[in-house]
Amino acid sequence: MARIDLRGDALPEGSALRDLLPRADFDVQAALEKVRPICEAVHHRGDAALIDYAEKFDGVQLESVRVPARALAEALEQLDPAVRAALEESIRRARLVHREQRRAAHTTQVVPGGSVTEKWVPVERVGLYAPGGRSVYPSSVIMNAVPAQEAGVASMALASPPQKEFGGLPHPTILAACALLGIDEVYAVGGAQAVAMFAHGTESCPPANMVTGPGNIWVAAAKRYFTGKIGIDTEAGPTEIAILADETADPVHVASDLISQAEHDPLAAAVLVTDSVELAEAVEKELEPQVAATKHIEDRIVPALSGRQSAIVLVDGVDEGLRVVDAYGAEHLEIQTADAAAVADRVKNAGAIFVGAWAPVSLGDYCAGSNHVLPTGGCACHSSGLSVQSFLRGIHIVDYTRDALAEVAHHVVTLAEAEDLPAHGAAIKARFGWKVPESK
């Protein structure tokens with residue numbers, strides 16, 4: 001792993017500090033032009049385009065993109081009992097956490113006779129995406145479906161790429177997870193074309209109001225293409241972990257956690273921020289045997305750890321380390337320092353924070369109860385991870401009596417005239433015989 005030494009000199013502020021930190025190349029804008037014709041083809045040709053792209057990109061010939069109900073049932077019947085038990089526990093814990101996120105309507109009595117109520121209404125229909133490229137992610141099915149269900153979304157469908165190995169169906173573990181969650185509308189569609197299917201609708205799939213779920217750069221580009229037509233969760237980029245650690249951290253833990261993210265993708269980012277040179281050296285030594293003992297070495301882990309997006313960042317102390325990780329805004333941030341909880345409480349920018357030696361990112365990926373669909377690429381400075389709130393819309397209900405309106409009418413008219421919008425003021429005057437009531 002590369003080293004970035006930020007010791008000694010005062011750390012720069014804002015974007016100057018961000019520019020010093022490692023980040024993967026992920027040009028969604030460039031990909032946008034390549035997905036445009038795919039999205040337009042789905043718009044104009046519907047299912048026929050989806051079937052053509054399945055043959056072109058996935059190497060499968062489909063008669064229909066809709067997964068039959070029997071395939072879902074068979075996938076669940078044939079699921080390894082241990083995997084089923086793990087998925088069921090993951091679902092149970094996710095429901096516990098996400099059920100507590102549901103907001104209740106709240107009414108504010110602004111003045112006697114005048115109130116504003118905010119009610120929360122779920123999105124009517126959501127399209128969920130589960131990747132199926134280098135790895136299969138039934139956990140992503142859970143992380144997308146559970147908050148949508150707990151929000152009260154009435155209609156949801158899931159798309160996942162068709163797999164040649166499984167006769168053109170999505171991976172059977174994906175299908176089994178759908179069956180466990182009660183999702184019976186599933187499509188064998190991947191990539192940008194899946195987002196286009198949900199955005200435009202086709203003969204098989206009604207359009208959705210929103211699309212969520214992680215994916216590759218083509219999925220991210222399609223989400224950007226349709227922003228404004230549909231709601232999206234985030235333009236997910238390559239996964240990333242940052243670890244803020246001091247001399248109290250165990251280098252075995254730190255090395256294993258860096259590797260755990262690097263195995264996702266050659267563009268995955270693994271960043272260690274530490275004030276301990278001894279820890280940095282120990283982690284570097286520990287990486288070699290741990291990498292050698294695992295899978296996906298040459299195609300994912302080695303390129304990820306040696307890429308420009310990964311580094312060991314040396315700082316003068318934990319305070320400086322906090323400034324660095326806040327500037328980085330990691331998708332996953334581990335705090336492995338003395339008094340880790342107190343340090344974690346000071347973090348401002350992170351998708352999710354994992355406190356201490358016994359809360360690794362892997363726990364959050366599967367069974368912590370938290371959500372693993374999180375902002376990447378530094379977007380944690382302005383965006384949150386997927387939650388029940390992602391699927392809810394706040395609607396204000398304004399309820400005023402005549403007297404309550406009369407009390408504030410002169411202010412409304414004054415502000416309308418200040419903005420040179422006299423018809424706004426006239427809408428108030430019309431209710432009082434064209435004479436603004438005097439304030440009381």
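Start at 1 with the first residue, then count along the sequence. Quick caveat, the model's predicted, so the values are computed rather than measured.
- The side-chain heavy atoms of M210 and R393, taken from C-beta on, include no pair separated by under 4.5 Å.
- Atom-to-atom distance recorded for L244:CG and D246:CG is 7.5 Å, nearest 0.5 angstrom.
- Formation of a donor-acceptor pair under 3.5 Å by the R323 side chain with backbone atoms of L11 is found in this model.
- When all heavy atoms of A380 and A350 are compared, the pair lying nearest together is CB-C, 3.5 Å.
- No side-chain donor-acceptor contact under 3.5 Å links Q193 to the backbone of A54.
- To the nearest 0.5 Å, atom CD1 of residue I353 and atom CD1 of residue I335 are 6.5 Å apart.
- Using a distance-only test at 3.5 Å, with no hydrogens or angles considered, no donor-acceptor pair links the side chain of D319 to the main chain of L322.
- Put simply, the side chain of T212 never gets that close to the backbone of N144: no donor and acceptor are under 3.5 Å apart.
- Side-chain atoms of H372 come within 3.5 Å of backbone atoms of D365 as a donor-acceptor pair (strictly under, hydrogens ignored).
- Residues L180 and R84 are in side-chain contact: their nearest non-hydrogen atoms beyond the backbone lie under 4.5 Å apart.
- The local environment of CD in E40 is crowded, with over 12 non-hydrogen atoms from other residues, nucleotides or ligands closer than 6.0 Å.
- The main-chain N or O of A268 is found under 3.5 Å from a side-chain atom of Q309 such that the two form a donor-acceptor pair.
- Screening residues 207-236 for salt bridge (Lys or Arg N to Asp or Glu O under 4.0 Å), with sequence neighbours left out, gives K223-D233, R224-E235.
- Side-chain atoms of Y187 come within 3.5 Å of backbone N or O of S204 as a donor-acceptor pair.
- The distance from atom CG of D27 to atom CD1 of I217, rounded to the nearest 0.5 Å, is 6.5 Å.
- Between I174 and P138, the closest heavy-atom pair is CD1-N, 3.7 Å.
- With hydrogens and angles ignored, the 3.5 Å screen pairs a side-chain donor or acceptor of R300 with a backbone N or O of E263.
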